Amino acid sequence: MKSQKEEAWIGLLGVPCLLIPSGVAVFIAYDKGMSFAPLLMFTGTVIWGGLFWLFPFIQDRFRKDKKKICFDERDQLIHKKAVMASYVALWLYFVAACVTTWRIVGPNGSISVNVMPLTLVGGLVLFTFVQGLASLIQYGRGAKDGAE
Amino acid sequence: MNKAQEGALICVILMPVAALVCGALGVGLAYVKAVPLPRLLLEFTFVFALLGCAWLIPFLLRRTRKSKISFDERDQLIIKKAALTAYVVLWLYFVTACVIAWWIVGPHGSISVNVMPLTLAGGLAIFGFVHNIAVLIQYGRGARGEES
């Protein structure tokens, strides 16, 4: 299996890796009160999770062995398309989350402030899932007779 | 200046203003109950989902207009890069908005539900602004003698 395809599977199955630290951060803040540690943990996880897709490009740029290409143009194109699809899904998710909350609570109501970070975590999970899925679909459409 | 640049120049002002006005108007109308909520929610969802994905329109139009090439590969690449940049900024904006609200109010606090659609409107304004600025910068880096 091509390494980028393996990474897509890892991304798909690694969704709990994003859920766990961010969920723990929200729980710690709720239980122990707001402090720097859970805030940093949460912010770091969501920023890292949301921008992790840039890592292969950075890795490719700074690779030591210039002759060995492990992230070629086709991989880059597939990766970018997957990220774009994920961001579109993420935007639609945020619209749906806002409208749903607004509908349920009503325009004069109020919500727990924890809804916002939890919405963000949900968005991150969706982003990672759609990105992995889109990558796998695109690799699957490619040369089925290609040697992996 | 080509058509894409002209469009970006107009949209860099128009889109953020439209997003903020639509968002504020929607929230205001819902708050004073001037419009039935289900209808308002439907319109809000439609407008925001469409505006957030408006950058895809040239790609869709290109598929229908096979005879005249007015949106070539370079234009596509520029629009895609600008969209990716704008989405990254949008993600960072949502993280910042959530973390600030969480920090200020505290994990046991509550916020008005209208904060969520207003955050969405702000996100759309930022997305529109960054996307169009990125388009203008990329076109500016290219051929300076380009005509429509």
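Note that this is a predicted model, so its numbers are computed, not measured. Order of the sequence lines fixes the chain letters, A, B, ..., with proteins taken first and strands second; residue numbering starts at 1 for each chain.
- Under the 4.5 Å side-chain heavy-atom criterion for Ile, Leu, Val, Met, Phe, Trp and Tyr, A:Leu92 and B:Phe48 are members of the same hydrophobic cluster.
- A single hydrophobic cluster is seen to contain both A:Phe57 and A:Tyr87, as judged by linkage of ILVMFWY side chains at heavy-atom distances under 4.5 Å, directly or through other members.
- Using a 4.5 Å cut-off between heavy atoms, A:Val105 contacts chain B through its side chain alone, with no backbone atom that close.
- Side-chain atoms of A:Trp91 never come within 3.5 Å of backbone atoms of B:Tyr87 as a donor-acceptor pair (strictly under, hydrogens ignored).
- Aromatic ring orientation, B:Trp91 versus A:Phe127: parallel (interplanar angle below 30°, classes split at 30° and 60°).
- One finds the OG1 atom of A:Thr119 at 4.0 Å from the CE atom of B:Met116 (value rounded to the nearest 0.5 Å).
- The structure places CG of A:Asn108 at 8.0 Å from OG of B:Ser112, a figure rounded to the nearest 0.5 Å.
- Ranked by heavy-atom pairs under 4.5 Å with chain B, the first of A:Cys98, A:Ala97, A:Gly50 is A:Cys98.
- Contact annotation for B:Phe94: both backbone and side-chain heavy atoms come within less than 4.5 Å of a heavy atom of chain A.
- Residue B:Ala30 comes nearest to A:Pro107 through the heavy atom pair O-CG, 3.2 Å, listed as atom of the first residue, atom of the second, then distance.
- In this structure, B:Leu40 CG and A:Arg103 CZ are separated by 11.0 Å, a value rounded to the nearest 0.5 Å.
- Taking all atoms of both residues into account, the shortest heavy-atom contact from B:Cys53 to A:Val88 is SG-CG1, 3.9 Å.
- Counting heavy-atom pairs closer than 4.5 Å to chain A, the top residue among B:Thr119, B:Val32, B:Leu84, B:Thr45 is B:Leu84.
- At a 4.5 Å heavy-atom cutoff, the contact between A:Val26 and chain B is made by backbone and side-chain atoms alike.
- Listed in order of number, the residues of residues 100-107 of chain B that approach chain A to under 4.5 Å between heavy atoms are B:Ala101, B:Trp102, B:Trp103, B:Val105, B:Gly106, B:Pro107.
- The parts of B:Leu120 that come within reach of chain A are both its backbone and its side chain, each placing non-hydrogen atoms under 4.5 angstrom from that chain.
- Closest non-hydrogen pair, A:Trp102 versus B:Val27, comes out as CZ2-CA, 3.7 Å.
- In the hydrophobic clustering of ILVMFWY residues, with side-chain heavy atoms under 4.5 Å counting as a link, A:Leu126 and A:Phe94 come out together.
- There is a path of hydrophobic side-chain contacts, each under 4.5 Å, that joins B:Val135 to B:Leu56.
- Neither the backbone nor the side chain of A:Thr100 comes within contact range of chain B; no heavy atom of the residue lies under 4.5 Å from a heavy atom of that chain.
- Heavy-atom distances place both the backbone and the side chain of A:Ile47 under 4.5 Å from chain B.
- Residue with the most contacts toward chain B among A:Leu39, A:Leu51, A:Asp31: A:Leu39 (heavy-atom pairs, distance under 4.5 Å).
- When the shell of 6.0 Å around OH of B:Tyr93 is examined, it contains more than 12 heavy atoms from other residues, nucleotides or ligands.
- Annotation: side chain of B:Phe46 is not in contact with side chain of A:Val95 (no heavy-atom distance under 4.5 Å).
- Between chain B and the residues A:Val113, A:Val115, A:Thr101, the most heavy-atom pairs under 4.5 angstrom are made by A:Val113.
- In this structure, chain A has no heavy atom under 4.5 Å from any part of B:Thr96.
- Linking ILVMFWY side-chain heavy atoms closer than 4.5 Å, directly or via other members, places B:Leu51 and A:Met84 in a single hydrophobic cluster.
- Between A:Lys80 atom NZ and B:Lys81 atom NZ the span is 6.0 Å, to the nearest 0.5 Å.
- Checked by atom type and distance alone, the side chain of A:Asn114 never pairs as donor or acceptor with a backbone atom of B:His108 at under 3.5 Å.
- For a residue to count as touching a neighbouring chain, one of its non-hydrogen atoms must lie under 4.5 Å from one of that chain's; by this rule A:Leu90 touches chain B with the side chain only.
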